[in-house]
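Single-structure report; data block below.
These values consider heavy atoms only, across backbone and side chains, with no hydrogens, waters or symmetry-generated copies.
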Amino acid sequence: MDFANRFVMEHFGSRAEHLAPLASGAWSKAYSFTLDGHEMIIRFGAYVEDFEKDRAMGTFSTAALPIPKVLEVGKTENGFFAVSERVRGEKHLDELDKSEMRVVLPQLFDALYELQTQDLTRTQEVGLWRPEGTGPSWGAELLSVAEPRERLAGWRERLDTSPREASIFDAGVAKLRILASQLPDIRGIVHNDLLNRNVLVNNGKLTGVFDWGNALYGDPLYDHAWFLYWWPWYPQWQGIDLQAMLDQHWDKRGGQPTQMKEHLLCYLIHIGLDHIAYCAFRERTEDMKRNAEQVLSYI
């Protein structure tokens, strides 16, 4: 808090007031404040590419998919900062009950579907989308889940201290390799973190979809798999038939994508593997075990 307060005062002077800490994510710390009388958010983190993704995505904001506009990204003595407009909502998506979720989730699916119709090539410079023919394929992107990662340094070594979970992980990678080889190289945008307090809702309407730092360049169907994977972790939603909601979404658009079942299975396995690695890195043993058992149920 001391660093944030000093930075804001030095950077904005008397224009800034009322700095207060907010709930922070795994890769950044967030604070609310007012700038020239307007509500803002400032975040501090080590990975400028996360903030640049947010800035790029802010240009796609619509009434149906409200994405906060990032006004400034820059360096600090310890890393980077980003200043964005603050969006308000009475609840996060994670906090909705069954009746609220039945209203809001179809809106989110529709908004993300419409996002794919925009000109996504205009943000190639931040790495969300790459020019045709460059970078790894979508399948190769998914298979990198088994490779060393800068942000999760030492994850495999920590996983190997739990032989059962390590064995399930390796079996999952083998299955993923088979399924990923059959994937088309779809070039859309995947948020990849639509829970974890990254969607705000007010009176049954989306008011903010933010934190695009985990966004992937690939098949938007992955975000549907995201909800299918995490659904069992939210007891308040168990009375909702999520698959029926997804079927209704695709019925409105003339039917399901080709090989949707196989692609969803591929993405479910990948989500589980990714979170086994993450939980191993964070030494969250019980969550690692639960993710491993869920992956085992898919393979």
Decide yes or no for [X] and [Y]: does some side-chain heavy atom of the first lie under 4.5 Å from some side-chain heavy atom of the second?
X: Q118; Y: T62; result: yes
X: R158; Y: L152; result: no
X: M245; Y: P106; result: yes
X: V103; Y: L96; result: no
X: L195; Y: Y234; result: yes
X: D54; Y: F210; result: no
X: D185; Y: E141; result: no
X: I189; Y: Q116; result: yes

Verdict with reasoning, D2 to R6, per salt bridge (Lys or Arg N to Asp or Glu O under 4.0 Å): CA-CA 6 Å; D2 290 343; R6 176 169 56 84; over 6 Å; no
Calculate, to the nearest 0.5 Å, the distance between atoms [atom1] and [atom2] belonging to [X] and [Y] respectively.
X: T285; Y: E165; atom1: OG1; atom2: CD; value: 8.5 Å
X: D223; Y: F227; atom1: CG; atom2: CZ; value: 7.5 Å
X: T207; Y: N202; atom1: OG1; atom2: CG; value: 6.0 Å
X: S137; Y: L183; atom1: OG; atom2: CG; value: 8.5 Å
X: F12; Y: F33; atom1: CZ; atom2: CZ; value: 4.5 Å
X: K252; Y: F109; atom1: NZ; atom2: CZ; value: 10.5 Å

For residues 260-269, which side-chain donor-acceptor pairs fall under 3.5 Å, sequence neighbours excluded?
residue: Y267; atom: OH; partner: W138; partner atom: NE1; Å: 2.9
residue: Y267; atom: OH; partner: D219; partner atom: OD2; Å: 2.7

Do you reckon [X] sits in the same ILVMFWY cluster as [Y], going by side-chain contacts under 4.5 Å, direct or chained?
X: V199; Y: W27; value: yes
X: M40; Y: L200; value: no
X: W230; Y: L194; value: yes
X: V201; Y: L115; value: yes
X: L179; Y: V190; value: yes

Transitive ILVMFWY cluster of L22, excluding itself - 4.5 Å side-chain cut-off: I41
Distance-only polar pair, side chains of Y113 and H249, donor-acceptor under 3.5 Å: no
Distance-only side-chain donor-acceptor flag, N78 / T76, under 3.5 Å: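 Judged by distance alone, the side chains do not pair up.
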Audit row: L65, E114, side chain to side chain contact (heavy atoms under 4.5 Å, CB included) steps and yes/no: CA-CA 9 Å; L65 187 67; E114 293 303 319; over 6 Å; no
Other residues, nucleotides, ligands: >12 heavy atoms within 6.0 Å of Q238 CD: yes
Centroid separation F169 to W155 less than 6.0 Å: yes
W231 and W237 aromatic ring geometry - parallel, tilted or perpendicular at 30°/60° bounds: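 If you compare the ring of W237 with that of W231, the planes turn out tilted.
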Taking all non-hydrogen atoms of both residues, which atom of [X] and which atom of [Y] are closest, and how far apart?
X: M288; Y: S162; value: CE-OG, 3.3 Å
X: S61; Y: P66; value: OG-CA, 3.6 Å
X: D193; Y: N196; value: OD1-ND2, 2.6 Å
X: I178; Y: S181; value: O-OG, 2.6 Å
X: K98; Y: I240; value: O-CD1, 3.5 Å

Which atom pairs, donor and acceptor, lie under 3.5 Å between side-chain atoms of residues 81-92 and protein residues at least two apart or in another chain?
residue: R88; atom: NE; partner: E39; partner atom: OE1; Å: 3.4
residue: R88; atom: NE; partner: E39; partner atom: OE2; Å: 3.3
residue: R88; atom: NH2; partner: E39; partner atom: OE2; Å: 2.5
residue: E90; atom: OE2; partner: N203; partner atom: N; Å: 3.1
residue: K91; atom: NZ; partner: E100; partner atom: OE1; Å: 3.1
residue: K91; atom: NZ; partner: E100; partner atom: OE2; Å: 3.0

Option passing salt bridge (charged side-chain N to carboxylate O under 4.0 Å, His left out) with D50 (candidates R43, R55, R151): R151
Side-chain donor-acceptor pairs under 3.5 Å in residues 292-299, sequence neighbours left out?
residue: E293; atom: OE1; partner: R164; partner atom: NH2; Å: 3.3
residue: E293; atom: OE2; partner: R164; partner atom: NE; Å: 3.1
residue: E293; atom: OE2; partner: R164; partner atom: NH2; Å: 2.8
residue: Q294; atom: OE1; partner: W233; partner atom: NE1; Å: 3.0
residue: Q294; atom: NE2; partner: Y229; partner atom: O; Å: 2.7
residue: Q294; atom: NE2; partner: Y298; partner atom: OH; Å: 3.2
residue: S297; atom: OG; partner: Q294; partner atom: O; Å: 2.5

side-chain hydrogen bond (donor to acceptor under 3.5 Å, both in side chains) against R15, all qualifying residues, sequence neighbours excluded: D36
Sole residue of F80, F51, F3 in ring-ring contact (aromatic ring centres under 6.0 Å, His included) with F44: F3
N/O donor-acceptor pairs under 3.5 Å from side chains in residues 272-279, not counting sequence neighbours:
residue: D274; atom: OD1; partner: R149; partner atom: NH1; Å: 2.6
residue: H275; atom: ND1; partner: I271; partner atom: O; Å: 2.9
residue: Y278; atom: OH; partner: R282; partner atom: NE; Å: 3.2

